[in-house]
Structures are given as C-alpha cells and as structure tokens.
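Take a look at the structure set out below.
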2 protein chains.
Amino acid sequence: MPTPDNHTETAPACDGGGSAACEHISRTLARISDKWSMLVVRMLGRGPCRFNALRREIGEISQKVLASTLRDLEEHGFVSRTVTPVTPPQVEYALTDLGREFLDPVRTLAEWVMANSSRMEAARVAYAARRAGN
Amino acid sequence: MPTPDNHTETAPACDGGGSAACEHISRTLARISDKWSMLVVRMLGRGPCRFNALRREIGEISQKVLASTLRDLEEHGFVSRTVTPVTPPQVEYALTDLGREFLDPVRTLAEWVMANSSRMEAARVAYAARRAGN
DNA sequence: CAGTATCCCCAAAGATACTG
DNA sequence: CAGTATCTTTGGGGATACTG
C-alpha cells in the first residue's frame, strides 16, 4: 500500500466513499468474497454449527483453510465461537448480530447480481467474440 | 472445485441465494474486491480516463496489473474501452451503464461498512485481547 | 501511448501429520 | 472433536524489457 490513509480527503462519495473508505470497504469485501467465506456464512445462516459438521457440509475444504476462514470471520465480528469444555471438546460457530445484519446489504448486492447476471453474461460473450474476432 | 453445482437445491434464500447463486455472487464480489478494482472503478466514477492517466492517479500499480484489472472489468461489462486510432494511440476507459448501476448496491454495502466500522473494530480489538489473554 | 511478454517472488491454498 | 504445525504447491502481483 502506498501513501494510504488519505483521511483528510473530502470524500466526494461518487463511488461509495473516499479513498480511505475505499480501502476499508475493499478489505471488508475481500473478507466475504474469498473462496470460502460466503459459503461458510451461508451455512451458518441456517443455524449454529460445529467445526466438523461445517466441514462435512462444505465437503472439500481443508481443516486449515476452514479454521482460518472462521478465525477471520470471528476477528471481524461476523461469527461467534463458543467452546463447551466437555470430552470430546465441542465448539459451536454461529453468526453474530453483526454478521446477520451484514447479510442485509450483501443480500441487496446478491439480488442485483442475480437480476443482472444475463447482462453480465452478455458482456462476457461479447468480450470473447471481440477477442476471437480480432 | 469439487462436486459443486447443487442446482437441484431449493434455495432457502436465508443468505442471499442458493448455492449456485452463492458461487456466482462470490465471483462477482471477488471481481471488485481484489486489490485494485474498487480503486479503478472509483477513478472512473469521476469520468472517463486514459490508461496512463489512470496509472498516474493510482500511483503504484504496475502496467500489467492495471491492464488485467481493466480487462476483467471490461469482460464483466463494468467498463468500456474505446480506441481512437490516432498517433500516438489513445484509449479511453469509462464506466458502462451496468458499471454505474452496479455502484448502487456497492454503495449500500459501503454505507453499511462505514456505519458499522466501529463495531467491527471493537470486535477486532476484543479478538486480539482474547488471543493475547489466552 | 498503450499495451504484451517474461521472469521472479511471496503469500495463501492445500495435503498431511500430529496434539490437547 | 477441534484444531495447530509443517511442508509443498500455485498463481497473482510486481519489475523489467520490448512492440505497434
């Protein structure tokens, strides 16, 4: 990152925020748009779930990656982790209020994507044709 | 990708879509949440811009990465590329209608992020404390 | 000016093994 | 069960050089 923290900027909001905001938003988007987070949040949206249950439902994720995905989501306050000290250990993951509220704007975006997927697909096809043609 | 395409699913929409939709949305989010796309879209939101002007404004991006970022955005129909065959060559990039409309839901999400950044920061601090304490 | 072509590097994904 | 530790692999980001 270069000269970041452009906090003094006036933030024209022509795009959803100033450049500092832009970085912040980009980071938040990155958090949910990595390979697994959406899927995990989706599973947890159905209700609390334990580590291996989650892993089984997702199917092909490695322990390491699921663990780090959950850690990231927990760090950002979207997911809670509750340990019940029994044997064998039991750990329940669930969406927090913040995580659940976060689903609102995500749903808005999701709806836009679904509504406009044909336009995006058309653009993709047109682009491919343009490339092939050239 | 493993056994994906759970197309037969009933899509409870508890999270913004079914699992096929989830993949689709995740991919779209990924497109704008990579290291540079938001910044590029932000610049173009202010008006059309040429390659090197864009590069200068962003500052520390490499040619290769800016080119591929623009190609991706063009492929997805968010950005248009207009070549004026003069010497030296002149290429103008601009947001398409689709790109501009896309900013709406993104702005919604951006506003949520800004409104809740303190909660997220608090979660981050609490998480760090928990880790340090343990 | 606006790129493509090449090579390098590193962070993150993945596989595997081990532990409280 | 729920992870961490370790090793390997991969591909995106970056620097540099070249071209229409």
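Lettering of chains follows the sequences in order, A, B, ..., and the numbering in each one begins at 1. As a basis for the values below, the full set of heavy atoms in this structure was taken, side chains included, without hydrogen atoms, waters or symmetry mates.
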If we only count heavy atoms from C-beta on, is the [X] to [Y] side-chain gap below 4.5 Å?
{"X": "A/Ile61", "Y": "A/Leu39", "value": "no"}
{"X": "B/Thr69", "Y": "B/Val65", "value": "yes"}
{"X": "A/Pro48", "Y": "A/Glu92", "value": "yes"}

task = Could you check whether B/Arg55 gets within reach of a base, just the sugar-phosphate, or nothing at all, counting any heavy atom under 4.0 Å?
result =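 Nothing, no heavy atom under 4.0 Å.
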task = Check every nucleotide of DNA chain C for an atom under 4.0 Å from a heavy-atom of chain B, then give the first and the last such nucleotide from 5' to 3'.
result =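 So the contact region on DNA chain C extends C/dC1 to C/dC7.
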ask   = Any idea how A/Phe78 and A/Phe102 line up, ring-wise: parallel (<30°), tilted (30 to 60°), or perpendicular (>60°)?
value = parallel
ask   = If you write DNA chain D from 5' to 3' in dot-bracket form, with Watson-Crick or G-U pairs under 3.5 Å, [ ] for crossing pairs and | for pairs with another strand, what do you get?
value = ||||||||||||||||||||
With B/Glu74, the salt bridge (charged side-chain N to carboxylate O under 4.0 Å, His left out) member among A/Arg124, A/Arg131, A/Arg130 =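 Going through A/Arg124, A/Arg131, A/Arg130 one by one, the salt bridge (charged side-chain N to carboxylate O under 4.0 Å, His left out) with B/Glu74 is satisfied by A/Arg130 alone.
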Let me have the donor-acceptor pairs involving side chains of residues 113-120 of chain B, under 3.5 Å, with sequence neighbours excluded, atom names and distances please.
residue: B/Asn116; atom: OD1; partner: B/Arg119; partner atom: NH1; Å: 2.9
residue: B/Asn116; atom: ND2; partner: B/Trp112; partner atom: O; Å: 2.9
residue: B/Ser117; atom: OG; partner: B/Met114; partner atom: O; Å: 3.2
residue: B/Arg119; atom: NH1; partner: A/Glu101; partner atom: OE1; Å: 2.7
residue: B/Arg119; atom: NH2; partner: A/Glu101; partner atom: OE2; Å: 3.3

inquiry  = If you compare all heavy atoms of A/Val83 against all heavy atoms of A/Val91, which two are closest, and at what distance to 0.1 Å?
reply    = CG2-CG2, 4.2 Å
ask   = Under the salt bridge (Lys or Arg N to Asp or Glu O under 4.0 Å) test, which residues partner B/Arg71, sequence neighbours left out?
value =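 Expected list: none.
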inquiry  = Using the salt bridge (Lys or Arg N to Asp or Glu O under 4.0 Å) criterion, which residues pair with B/Asp97? Sequence neighbours excluded.
reply    = none
inquiry  = Same cluster or not: B/Phe51 versus A/Tyr127, using hydrophobic residues (I, L, V, M, F, W, Y) connected whenever any side-chain heavy atoms lie under 4.5 Å apart?
reply    = no
ask   = Of all of residues 61-76 of chain A, which get a heavy atom below 4.0 angstrom from DNA chain C, listed by number?
value =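 Under 4.0 Å from DNA chain C: A/Gln63, A/Lys64, A/Val65.
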query = How do A/Tyr93 and B/Pro89 order along DNA chain D: which one's closest nucleotide is nearer the 5' end?
reply =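 Result: A/Tyr93.
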